[in-house]
Colleague: 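This structure is in structure tokens; I'll ask about it shortly.
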There are 2 protein chains.
Amino acid sequence: MAMLDTPTFSHACGDCPIRYRAVCARCEGDELERLEQIKYYRSYQAGQTVIWSGDRMDFVASVVSGVATLSQTMEDGRRQMVGLLLPSDFVGRPGRDSVAYDVTATTDLVMCCFRKKPFEDMMLSTPHVGQRLLEMTLDELDSAREWMLLLGRKTAREKIASLLSIIARRDASLALKQGSKRLVFDLPLTREEMADYLGLTLETVSRQISALRKDKVISLEGKRHVTIEDFDALQEAAGDDSDGGMLS
Amino acid sequence: MAMLDTPTFSHACGDCPIRYRAVCARCEGDELERLEQIKYYRSYQAGQTVIWSGDRMDFVASVVSGVATLSQTMEDGRRQMVGLLLPSDFVGRPGRDSVAYDVTATTDLVMCCFRKKPFEDMMLSTPHVGQRLLEMTLDELDSAREWMLLLGRKTAREKIASLLSIIARRDASLALKQGSKRLVFDLPLTREEMADYLGLTLETVSRQISALRKDKVISLEGKRHVTIEDFDALQEAAGDDSDGGMLS
DNA sequence: TGAAAACCTTGACACAGATCAAATCGGAAA
DNA sequence: TTTCCGATTTGATCTGTGTCAAGGTTTTCA
């Protein structure tokens with residue numbers, strides 16, 4: 001029977017932008033105080049751009065609530081999303097002035113920010129923060145590489161199933177329904193955003209969602225509220241290794 | 001007129017796996033000695049697999065000569081390359097036991113390796129090494145994201161042009177021919193490997209290379225030896241921002 | 001040097017997903 | 001509640017790239 005990766009992390013520990021409790025727990029007294037002193041919050045409305053590609057980015061940040069996307073756009077308007085930021089995710093480039101992608105809020109968004117200079121100073125003096133940041137960046141690189149497999153080799157149906165599976169696994173608001181395999185969540189993306197994420201058109205996204213619904217793998221209430229009727233079947237449709245993301 | 005990013009880095013500095021001289025230069029006396037003590041070399045023949053996805057990887061390494069690829073494969077055999085390692089590139093995951101992709105030598109390959117444990121110890125005690133590693137990882141993440149744009153949104157012709165442009169810019173053996181815009185290099189990949197990199201079939205790769213040749217953007221001697229006849233036209237065909245990768 | 005094995009090119013055709021074009025739905029504002 | 005407008009679905013058709021197939025070319029190794 002399928003079990004999910006339970007999200008054991010959250011935005012916590014005095015809003016330290018380092019994801020896992022296990023690591024935040026290592027931030028103590030002095031360090032936490034310093035983080036408190038340099039942190040501030042920013043809010044964005046759904047649709048607002050947080051920062052444009054090429055702009056100077058003088059802070060690093062952790063998503064507190066809401067969803068943001070990273071995207072790149074070609075001259076003629078073709079767009080590809082290259083990252084999805086959910087609560088507790090980190091964004092920013094210690095050691096670099098500007099970013100190479102647009103960051104956009106797709107829902108109302110609250111981020112916990114740290115000005116870069118003091119954050120970098122802190123990284124230098126507290127090795128485990130830099131350490132953890134390196135691990136997180138390597139994890140992100142792994143996700144990016146998995147996404148490359150999706151973009152280069154998966155069919156439209158597999159792409160949709162993969163995206164639903166990933167959101168379902170990461171979405172903290174997901175609730176297990178009675179029985180076993182059913183999961184419920186709200187899509188934080190429009191069809192067009194999903195298309196830009198998957199390298200498809202919005203029409204193809206719509207058609208494949210309809211197909212998954214017809215096949216009883218998922219069901220919808222309204223356009224955004226999704227129930228995964230059979231998580232195993234969804235994984236199957238995603239073309240992932242059969243035991244990917246499951247425990248026991 | 002087009003100028004290339006001149007590769008100002010190289011595998012140097014006592015084989016320190018940190019890429020740029022500017023940083024290696026900060027490795028001194030004691031540190032260099034420790035690196036010397038834990039380093040060793042490994043050679044692989046063209047086609048040999050360095051490590052399989054899921055295997056334990058107890059070392060980190062820097063490519064001294066030759067070319068390696070990182071790739072992921074689906075159960076039914078569909079393959080996607082997710083990384084290209086050229087001389088001076090780094091591979092390995094401090095803080096993780098295993099890798100999520102196959103590493104394969106596509107030419108004869110020499111790597112300078114460091115056992116992971118002592119390397120990690122050194123990272124802890126010399127902050128600038130971890131620092132630099134984080135920067136390199138972030139750079140790699142940026143490349144991965146650019147590649148996602150390529151995989152998701154570019155046409156076959158744009159994909160081929162992008163790959164040629166990237167190899168030309170990074171290949172240390174490239175030689176400027178008389179005049180201005182011509183560049184010469186040897187492809188380190190077969191048509192099939194290029195296809196796996198670009199999310200295409202080898203037939204499409206072959207056809208698009210023929211098309212670029214017919215359009216006088218490139219010319220070939222044999223199958224591997226490429227002359228870029230007009231770098232600007234190649235960039236144009238790649239669909240990149242018109243000033244990407246150029247100076248002045 | 002010759003023969004086999006890779007590797008590559010080209011052609012004909014098929015098909016998944018793109019494009020163009022209408023509906024239809026659903027949430028927000030009045 | 002009604003109206004409106006953006007978001008979504010669905011249909012018809014087109015096209016870029018995949019698939020299958022047949023030669024051709026380069027490299028390797030005896």
Side-chain angles (χ1 to χ4, degrees), chain A residues 45-47 74 76-80 106-108 150-164 186-215 218-226 237 239, chain B residues 45-48 69 74 76-80 104-108 150-164 186-215 218-226 237 239:
Chain A
Q45 295 186 310
M74 293 174 70
D76 61 4
R78 281 176 282 174
R79 170 178 306 185
Q80 176 64 50
T106 63
T107 66
D108 290 346
L150 178 146
L151 289 171
R153 293 304 188 193
K154 289 191 177 178
T155 64
R157 169 180 254 250
E158 288 168 339
K159 286 178 175 180
I160 296 288
S162 299
L163 180 59
L164 292 178
D186 283 305
L187 278 174
L189 304 174
T190 66
R191 299 291 185 266
E192 185 174 19
E193 286 161 345
M194 293 175 73
D196 285 343
Y197 213 121
L198 299 169
L200 298 170
T201 59
L202 66 91
E203 292 95 332
T204 298
V205 169
S206 180
R207 276 186 249 271
Q208 295 298 335
I209 287 178
S210 298
L212 286 175
R213 194 165 33 152
K214 198 162 67 182
D215 296 347
I218 62 171
S219 61
L220 294 182
E221 282 167 56
K223 307 300 183 185
R224 298 298 194 89
H225 195 71
V226 179
Chain B
Q45 295 187 310
Q48 251 191 304
T69 61
M74 293 174 69
D76 62 5
R78 280 175 282 175
R79 171 178 307 184
Q80 177 64 50
T104 312
T106 63
T107 66
D108 289 346
L150 177 146
L151 289 170
R153 293 304 188 192
K154 289 191 177 178
T155 64
R157 169 180 254 248
E158 288 169 339
K159 287 178 176 181
I160 296 287
S162 298
L163 180 59
L164 292 178
D186 283 305
L187 278 175
L189 304 173
T190 65
R191 298 290 185 265
E192 185 175 20
E193 285 161 346
M194 294 175 72
D196 285 343
Y197 213 122
L198 299 169
L200 298 171
T201 59
L202 67 91
E203 292 95 332
T204 298
V205 169
S206 181
R207 277 186 250 270
Q208 294 298 335
I209 287 177
S210 298
L212 286 175
R213 193 165 35 152
K214 197 161 68 180
D215 296 346
I218 62 172
S219 60
L220 294 182
E221 283 167 56
K223 308 301 182 185
R224 297 297 194 90
H225 195 73
V226 178

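Convention: sequence-line order gives letters A, B, ...; per-chain numbering from 1.
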Colleague: Ignoring hydrogens, what is the shortest heavy-atom contact between A:Leu151 and A:Lys159? Give both atom names and the distance.
Modeller: O-NZ, 3.8 Å
Colleague: I would like to know whether A:Val226 and A:Asp186 meet side-chain contact (heavy atoms from CB on, under 4.5 Å); could you show each step before the answer?
Modeller: CA-CA 6 Å; A:Val226 179; A:Asp186 283 305; over 6 Å; no
Colleague: Provide, to the nearest angstrom, the distance between the CG atom belonging to B:Leu202 and the P atom belonging to D:dT17.
Modeller: 15 Å
Colleague: Please give, in whole Å, the distance from D:dG6 C1' to A:Glu192 CD?
Modeller: 11 Å
Colleague: C:dC8 C1' sits how many Å from B:His225 NE2, rounded?
Modeller: 18 Å
Colleague: Return yes if some donor-acceptor pair links the side-chain N/O of B:Gln208 with the main-chain N/O of B:Val205 below 3.5 Å, else return no.
Modeller: no
Colleague: When you measure from the side chain of B:Gln48 to the backbone N and O of B:Thr104, does any donor-acceptor pair fall under 3.5 Å?
Modeller: no
Colleague: Given axes from five pairs at either end, by how many degrees does the helix from C:dT1-D:dA30 to C:dA30-D:dT1 bend, rounded to 10°?
Modeller: 50°
Colleague: I'd like to know if the side chain of A:Ser162 reaches the main chain of A:Glu158, judged simply by a donor and an acceptor atom lying under 3.5 Å from each other, with no hydrogens or angles considered.
Modeller: yes
Colleague: Specify the separation, in whole Å, of atom CG of B:Leu220 and atom P of C:dC7.
Modeller: 17 Å
Colleague: Of all heavy-atom pairs between B:Ala237 and B:Arg157, which one has the smallest distance, and what is that distance?
Modeller: CB-NH1, 4.0 Å
Colleague: Answer yes or no: is there a donor N or O on one side and an acceptor on the other, between the side chain of B:Arg191 and the main chain of B:Lys223, under 3.5 Å?
Modeller: yes
Colleague: Are any side-chain N or O atoms of A:Asp108 and backbone N or O atoms of A:Gln45, one a donor and one an acceptor, separated by less than 3.5 Å?
Modeller: no
Colleague: With a 4.0 Å cut-off on N to O distance, would you call A:Asp196 and A:Arg78 a salt bridge?
Modeller: no
Colleague: For the pair made of CG in B:Leu212 and P in C:dT9, what is the distance, rounded to whole Å?
Modeller: 12 Å
Colleague: Is A:Glu193 salt-bridged to A:Arg79, going by a charged N under 4.0 Å from an acidic O?
Modeller: no
Colleague: In whole Å, I'd like the distance from the CG atom of B:Leu187 to the P atom of C:dA6.
Modeller: 21 Å
Colleague: Please report the distance, rounded to the nearest Å, between CZ in B:Arg191 and C1' in C:dT9.
Modeller: 9 Å
Colleague: For the side chain of A:Ser206 and the backbone of A:Leu202, is there at least one donor-acceptor N/O pair under 3.5 Å apart?
Modeller: no
Colleague: Which pairs, protein N/O on one side and nucleotides 24-28 of chain C N/O on the other, fall under 3.5 Å?
Modeller:
none

Colleague: Base, sugar-phosphate alone, or nothing: which one does A:Ser210 contact when heavy atoms must sit under 4.0 Å apart?
Modeller: sugar-phosphate
Colleague: Between protein and nucleic acid, restricted to nucleotides 12-19 of chain C and to nitrogen or oxygen atoms under 3.5 Å apart, what atom pairs and distances do you find?
Modeller:
unit_1 : atom_1 : unit_2   : atom_2 : d
C:dA12 : N6     : B:Arg207 : NH2    : 3.4
C:dG17 : OP1    : A:Ala156 : N      : 2.9
C:dA18 : OP2    : A:Thr201 : N      : 3.4
C:dA18 : OP2    : A:Thr201 : OG1    : 3.1
C:dA18 : OP2    : A:Thr204 : OG1    : 2.4
C:dT19 : O4     : A:Arg207 : NH2    : 2.8

Colleague: So what does B:Ser206 hit on the nucleic acid, given a heavy-atom distance under 4.0 Å: a base, only sugar-phosphate, or nothing?
Modeller: base
Colleague: B:Leu189 CG to C:dC7 P: how many Å, rounded?
Modeller: 13 Å
